[in-house]
Amino acid sequence: MERKLIYVDHAATTYIKPEVLGAMQPYLTELFGNPSSIYYLGRESKKAIDEARSQTAYFLGAHPQEIYFTGSGTEADNWAIKGVAYANRKKGKHIITSAIEHHAVLEPVEFLRKEGFEVTYLPVDENGLINPAELEKAIRPDTTLVSIMYANNEIGTIQPIKELAEIARKKGVIFHTDAVQAIGNISVNVKDLGIDLLSMSAHKFYGPKGIGCLYVRKGVKLDGFMHGGAQERKKRAGTENVSGIVGMAAALKMAYENLDEYNEHLKKLSKRLIEKVFDRIPYVRLNGDRDNRLPGNVNFSFEFIEGESLLLMLDMKGIQASSGSACTSGSLDPSHVLLAIGLPHEIAHGSLRITFGEKNTEEEVDYIVDCIEETVEKLRQMSPLYEDFIRKNKS
Amino acid sequence: MYSEKVMDHFTNPRNVGEIENADGVGQVGNLKCGDIMKVYLKIENDIITDVKFKTFGCGAAVATSSMATELIKGKTVEEASKLTNKAVLEALDGLPPVKVHCSVLAEEAIAAAIKDYKEKQGHDVSDMQICQGCCGKCGESRE
């Protein structure tokens, strides 16, 4: 029996679009040359990388020389943060980031803290938004880097990046944004935004896994990341992932060319899901900002139940979704993002993240709502918290 | 990540519910760690004739509650109070290491219900210690 699967975890990863795979295929098979080789096969690979670099730069609003390919979004984040911190440490050792960053930012920052750097974590409001005035206050003479994510992976909140970047620029501080969740979902142009560094990852927008990119504005002081050959202008050694680079550029092109249509599609599905869930299920809240959010992201907290149980039961019905529950994180604490927006532990534990993609349909949304309603009810009937709540309400 | 037995007990949990006028009720866990278990016992002539539970928690928490209640049904109070988290783990064909604390919680929930029963019977229960299952002081290594 074929398993019915409804994939609504596009913030985790996506499949590769057939056109993207088609663009990659020659570089996995007949055109396998090492881009550093001078003969025909090498030159073909080099040409493919150059074209992909130009194309990537074009869509981001950057210059090709400002594009560095990496092995992942995490690598781009690590490189940006450590690279800037070390290259500018004579100026100072103070870094500013936010409380709701991805671990790919929080962990390198924590690494630097242990190395003697100082870190300020900007708080967020109940919708996950950073107040630009807080950034202004936090910048010191010895601050060298501000790293604020463009859009949050869990609750979808989009930060006022342009405004934040401008504050940093005025004070002469380098500004990095982790745009892994933003690229492919919303229009991003580095020059319009006035940012210095940006990280992205291909597998979030129908490109392959294992390839990312770091945009570094010309003039930004950044240490190299991998030491070895002369690849990526001697900043990131290692034979290039040619098919991955080609695939990322192809996926980026498709994303930018269909951005408005894709946005509308995602918004329609999210709106339908939110409305129906609020209509049919009591004691639920929507996490993240209602307006400034990724079009395909919906993050609910269902009171009195726990997220992993909800996920497992939805999985049995074929629904592939995600949660910020402790039990899915491998620790006893629920998501740092949900705690940072002020949710109490028990409500943070009951979160469900649905992230839509191009193939999802309204019929699927309706099926998901039916399944959520049934599962939440079942788990509430099993929950001592719900029992207490009902008893209290009766008396 | 979960064994078939865990998934079976999670999908079709045994003994879910409440018992009105239960002879013993115990609740352990806390909201911070995301697991709360409540166990109800019906006891006649020192035999556990019925047992029900309600659990807020992950798949492992539900499965360990279900299995633990199955293991003590029909047993004497003395036998039930000897239930260990190890026995629950074995009956479920194991749990991932990060979920072992759920089996501790199941053992403690039953111990708490028995303590409540004994207290109601007028026994001195001051030496019965109940852990809340997730303070981590035991290193969650109890097996």
Side-chain angles (χ1 to χ4, degrees), chain A residues 283 301-336 338-339 343-352 371 374-392 394, chain B residues 1-2 6-20 25-40 52-66 69 95-102 104-105 109 112-113 132-137 139-140:
Chain A
Y283 316 119
S301 277
F302 297 99
E303 289 186 52
F304 318 115
I305 65 167
E306 197 280 327
E308 191 208 72
S309 289
L310 180 57
L311 281 193
L312 287 172
M313 286 195 180
L314 291 178
D315 179 26
M316 281 177 228
K317 297 171 195 291
I319 298 168
Q320 316 289 291
S322 167
S323 169
S325 137
C327 292
T328 55
S329 71
S331 77
L332 286 176
D333 282 323
S335 135
H336 65 284
L338 298 177
L339 295 180
L343 292 194
H345 272 78
E346 68 272 26
I347 295 177
H349 280 299
S351 76
L352 175 70
C371 293
E374 188 188 319
T375 307
V376 167
E377 180 57 26
K378 185 176 174 184
L379 289 171
R380 280 183 179 161
Q381 288 309 320
M382 219 187 267
S383 166
L385 299 179
Y386 191 58
E387 180 190 314
D388 292 347
F389 174 77
I390 295 294
R391 197 164 289 159
K392 245 180 235 159
K394 268 188 197 159
Chain B
M1 71 190 230
Y2 286 137
V6 172
M7 284 312 289
D8 174 37
H9 276 263
F10 169 68
T11 324
N12 304 298
R14 283 60 146 178
N15 311 313
V16 174
E18 302 162 50
I19 297 175
E20 271 191 50
V25 181
Q27 180 171 317
V28 294
N30 65 51
L31 289 173
K32 195 172 177 298
C33 61
D35 295 299
I36 293 178
M37 286 183 198
K38 191 170 186 180
V39 169
Y40 298 82
K52 296 273 187 223
F53 79 88
K54 284 211 170 174
T55 289
F56 164 86
C58 60
V62 173
T64 53
S65 313
S66 168
T69 52
L95 282 173
V98 293
K99 304 286 189 179
V100 168
H101 72 277
C102 293
V104 176
L105 213 54
Q132 291 298 314
C134 80
C135 69
K137 277 182 188 154
E140 285 164 36

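Here the structure is a predicted model, which is why all the values come from computation and not from measurement.
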Separation between CG (B:L95) and OH (B:Y2), nearest 0.5 Å, reads 7.0 Å

Hits for salt bridge (Lys or Arg N to Asp or Glu O under 4.0 Å) against A:E346, two or more places apart or cross-chain, chain-then-number order -> none

Output for pair (A:L385 CG, A:Y283 OH), nearest 0.5 Å, gives 13.5 Å

When the 4.5 angstrom heavy-atom criterion is applied to B:P96 and chain A, the contacting part is neither

d(A:S322 OG, A:L352 CG) to nearest 0.5 Å is 8.0 Å

Taken to the nearest 0.5 Å, the spacing of A:L311 CG from A:E306 CD works out to 8.5 Å

So OG1 of B:T69 and NE2 of B:H9: to nearest 0.5 Å the spacing works out to 8.5 Å

In this structure, CG of A:L314 is separated from OG1 of A:T375 (nearest 0.5 Å) by 5.0 Å

Among residues 376-383 of chain A, those lying within the under-4.5 Å heavy-atom range of chain B are A:K378, A:Q381, A:M382, A:S383

Cut-off 4.5 Å, heavy atoms of chain B, and the answer for A:D315 is neither

Between A:F304 and A:F389, is the ring centre distance below 6.0 Å? yes

Applying a strict 4.5 Å limit to non-hydrogen atoms, the region of B:S65 in contact with chain A is neither

Applying a strict 4.5 Å limit to non-hydrogen atoms, the region of B:A61 in contact with chain A is neither

